[in-house]
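Bear in mind the structure is a predicted one, so any value in this text is a computation, not a measurement. Protein chains get the first letters and strands the later ones, always in sequence-line order, with residue 1 at the start of each.
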Number of protein chains: 2
Amino acid sequence: MSTRNTIQRKLILDTVRSMCGHPDAEQIYSRIAENHPHISKATVYRNLNLLSEMGEIKKVCVGEGADRYDLRTDEHYHMRCRKCGRIFDAPDAAARVALSGATDGFEVESVNVELIGLCPDCKI
Amino acid sequence: MSTRNTIQRKLILDTVRSMCGHPDAEQIYSRIAENHPHISKATVYRNLNLLSEMGEIKKVCVGEGADRYDLRTDEHYHMRCRKCGRIFDAPDAAARVALSGATDGFEVESVNVELIGLCPDCKI
DNA sequence: TCTCTATTGATAACGATTATCAATTATATT
DNA sequence: AATATAATTGATAATCGTTATCAATAGAGA
């Protein structure tokens, strides 16, 4: 066998799924530590990476600060506020990426689209 | 007055412009240090940020590793090889992002598009 | 139950970048 | 040209996010 069902891994997955928004590893760790103060931060990082590779969650690399984690695993785009730093899912209609075959022999496997600007709160 | 014309700043700009590809701060520093071993790495980082803000060059945040710098300042997209880590400019026809107004009140100022996959060399 | 290996917890190490601060230097003003 | 002054530099410490290390622990199959 290759991966085991540890209670930590389950706990981390459940926690990510219970959190709204796009929490980073630190926030996920803090939430878990409220009830399980003995968990190690390394375990959280390790399992977030593992769960991403397993396709259970998605790691979101943004242009600034820590990586975030997303329970949505389907392809969708993000909007990041340059002022408050929060990220939001872009409405399906907001952005569409059209790929053509003219990629000079580069084989595209995935697409990362980040819309940077001002969120409604920070626009005021 | 607000910004001064230091020889370091000019040197850094010239060096970025002379380098092909998408060098990171470390590579730019090394190139400069070949002829100007007294320059400080902090000066390189500081000026790369400044020059980006001034619009002379463009900082490119990629999903992995150090930020890169680009002499092209017009909007264009990048393709990053997940194997060798190199990034390439996407051909104009390769990807087009269509933005609609349906962004839930989020005001989009700029767009960052990264196509991740395998470059021709690594595909073999 | 025993064995084996994935996983954990604790912490050190790492890479990239920014902060600090005294010394220097570019520029406006005299 | 000499002076004043504030931006900038160089050197280095500090920071942040993350990964590496490694002995101890604990799932899961035999």
Side-chain angles (χ1 to χ4, degrees), chain A residues 1-16 22-54 56-70 80 82 85-87 114, chain B residues 1-16 22-54 56-70 80 82 84-87:
Chain A
M1 204 193 55
S2 146
T3 57
R4 286 176 183 173
N5 276 335
T6 62
I7 55 171
Q8 288 91 338
R9 186 165 306 155
K10 175 122 184 49
L11 183 59
I12 291 164
L13 179 55
D14 289 347
T15 303
V16 175
H22 300 79
D24 61 25
E26 186 68 36
Q27 294 169 324
I28 294 163
Y29 167 76
S30 299
R31 170 66 59 91
I32 293 172
E34 288 170 12
N35 299 311
H36 301 81
H38 296 306
I39 200 166
S40 167
K41 202 174 279 190
T43 300
V44 173
Y45 274 98
R46 263 188 310 242
N47 280 294
L48 288 172
N49 278 333
L50 262 172
L51 291 165
S52 304
E53 282 162 28
M54 293 160 77
E56 297 288 331
I57 59 176
K58 207 169 177 182
K59 184 192 274 212
V60 182
C61 301
V62 293
E64 211 176 82
D67 293 339
R68 323 290 184 96
Y69 293 89
D70 199 332
R80 171 167 58 89
R82 66 164 162 79
R86 281 185 295 173
I87 75 173
E114 197 180 1
Chain B
M1 200 197 48
S2 147
T3 57
R4 288 174 181 175
N5 276 335
T6 62
I7 54 171
Q8 289 90 340
R9 187 165 305 156
K10 173 121 185 52
L11 183 59
I12 290 163
L13 179 54
D14 289 347
T15 303
V16 174
H22 300 80
D24 61 26
E26 185 69 36
Q27 293 168 325
I28 295 163
Y29 166 77
S30 299
R31 170 66 60 91
I32 294 172
E34 290 172 11
N35 299 312
H36 301 82
H38 297 306
I39 199 166
S40 167
K41 204 174 278 189
T43 299
V44 174
Y45 273 98
R46 263 189 309 244
N47 280 295
L48 289 172
N49 278 333
L50 262 173
L51 291 165
S52 304
E53 281 161 28
M54 296 160 76
E56 297 288 332
I57 58 175
K58 207 170 178 184
K59 185 193 272 213
V60 182
C61 301
V62 293
E64 210 176 83
D67 294 339
R68 323 292 184 95
Y69 293 89
D70 200 332
R80 172 167 58 89
R82 65 162 163 80
C84 68
R86 282 185 295 173
I87 75 171

Colleague: In whole angstrom, give the distance that lies between atom NE2 of A:His38 and atom C1' of C:dT11.
Modeller: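 Roughly 17 Å, once rounded to whole Å.
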Colleague: Without decimals, in angstroms, what is the distance between B:Leu13 CG and D:dT8 P?
Modeller: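 After rounding, the reported distance stands at 15 Å.
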Colleague: For A:Glu26, report the nucleic acid contact type (base, sugar-phosphate, nothing); a contact means any heavy atom under 4.0 Å.
Modeller: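 A:Glu26: no heavy atom of the nucleic acid under 4.0 Å.
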Colleague: Are the side chain of B:His22 and the backbone of B:Arg68 linked by a donor-acceptor contact shorter than 3.5 Å?
Modeller: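 A pair under 3.5 Å: no.
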Colleague: Looking at C:dG9, I'd like to know if its phosphate oxygens (OP1 or OP2) sit under 4.0 Å from a side-chain N or O belonging to A:Gln8.
Modeller: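 The answer is yes; a side-chain N or O of A:Gln8 sits under 4.0 Å from OP1 or OP2.
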Colleague: With a 4.0 Å cutoff (strictly under), does any side-chain N or O of A:Tyr45 reach OP1 or OP2 of D:dT18?
Modeller: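 For D:dT18, OP1/OP2 do have a side-chain N/O of A:Tyr45 under 4.0 Å.
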Colleague: Could you tell me whether the side chain of A:Arg4 has a donor or acceptor atom within less than 3.5 Å of a complementary atom in the base of D:dG29?
Modeller: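 For A:Arg4, whose side chain was compared with the base of D:dG29, there is no donor-acceptor pair (under 3.5 Å).
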Colleague: Pick the nucleotide of DNA chain D nearest each of B:Ala42 and A:Arg68; which residue has the one closer to the 5' end?
Modeller: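 Whichever sits nearer the 5' end wins; that is B:Ala42.
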Colleague: Would you find a donor on one side and an acceptor on the other, under 3.5 Å apart, between the side chain of B:Arg9 and the backbone of B:Leu51?
Modeller: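 Judged by distance alone, no pair lies under 3.5 Å.
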Colleague: Rounding to an integer number of Å, can you tell me how far A:Lys59 NZ sits from D:dG17 C1'?
Modeller: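 Taking NZ of A:Lys59 and C1' of D:dG17, I get 10 Å after rounding.
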Colleague: How would you label the contact of A:Arg9 with the nucleic acid (heavy atoms, under 4.0 Å): base, sugar-phosphate, or nothing?
Modeller: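 Here A:Arg9 touches the backbone only, sparing every base.
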Colleague: In whole angstrom, what separates A:Ile32's CD1 from C:dG9's P?
Modeller: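 The distance from CD1 of A:Ile32 to P of C:dG9 comes to 10 Å, rounded to the nearest Å.
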Colleague: For B:Lys10 and D:dT8, what is the distance between atoms NZ and C1' respectively, to the nearest whole Å?
Modeller: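 Answer to the nearest Å: 18 Å.
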Colleague: If you assign B:Arg46 and B:Ala66 each to the DNA chain C nucleotide with the nearest heavy atom, which residue ends up on the more 5' nucleotide?
Modeller: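 Whichever sits nearer the 5' end wins; that is B:Ala66.
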Colleague: May I ask you to verify if any side-chain N or O of A:Thr6 is less than 4.0 angstrom from the OP1 or OP2 atom of C:dT8?
Modeller: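 For C:dT8, OP1 or OP2 has a side-chain N or O of A:Thr6 closer than 4.0 Å.
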Colleague: Taking atom C1' of C:dT8 as reference, at what distance in whole Å does atom NE2 of A:His36 sit?
Modeller: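 Answer to the nearest Å: 15 Å.
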Colleague: Going by heavy atoms in the side chains, are B:Lys10 and B:Asn5 under 4.5 Å from each other?
Modeller: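 With C-beta onward as the side chain, the pair stays apart.
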Colleague: Provide, to the nearest angstrom, the distance between the CD1 atom belonging to B:Ile39 and the P atom belonging to C:dT24.
Modeller: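 So the CD1-P distance, B:Ile39 to C:dT24, works out to 18 Å.
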Colleague: So if I take every side-chain heavy atom of A:Asn5 and compare against C:dT17, D:dA28, D:dG10, which nucleotide ends up nearest?
Modeller: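 My answer, after comparing the listed nucleotides, is D:dA28.
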Colleague: Given atom CD1 of B:Ile7 and atom C1' of D:dG10, what is their separation to the nearest angstrom?
Modeller: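 So the two atoms are 13 Å apart, to the nearest Å.
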Colleague: So A:Lys59 and A:Tyr69, side chain to side chain contact (heavy atoms under 4.5 Å, CB included) or not? Walk me through it.
Modeller: CA-CA 5 Å; A:Lys59 184 192 274 212; A:Tyr69 293 89; 3.4 Å; yes
Colleague: With a cut-off of less than 4.0 Å, is there a side-chain N or O of B:Asn49 near OP1 or OP2 of C:dT17?
Modeller: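 It does not, given that no N or O in the side chain of B:Asn49 lies less than 4.0 Å from OP1 or OP2 of C:dT17.
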Colleague: For a 4.5 angstrom cut-off between non-hydrogen side-chain atoms, does A:Asn35 reach A:Leu11?
Modeller: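 They are not in side-chain contact.
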Colleague: Does a nitrogen or oxygen in the side chain of A:Ser40 sit under 4.0 Å from OP1 or OP2 of C:dT8?
Modeller: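 For C:dT8, neither OP1 nor OP2 has a side-chain N or O of A:Ser40 closer than 4.0 Å.
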Colleague: Using a heavy-atom cut-off of 4.0 Å across all strands, would you classify B:Asp67 as base, sugar-phosphate, or nothing?
Modeller: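 Sugar-phosphate, backbone atoms only, no base.
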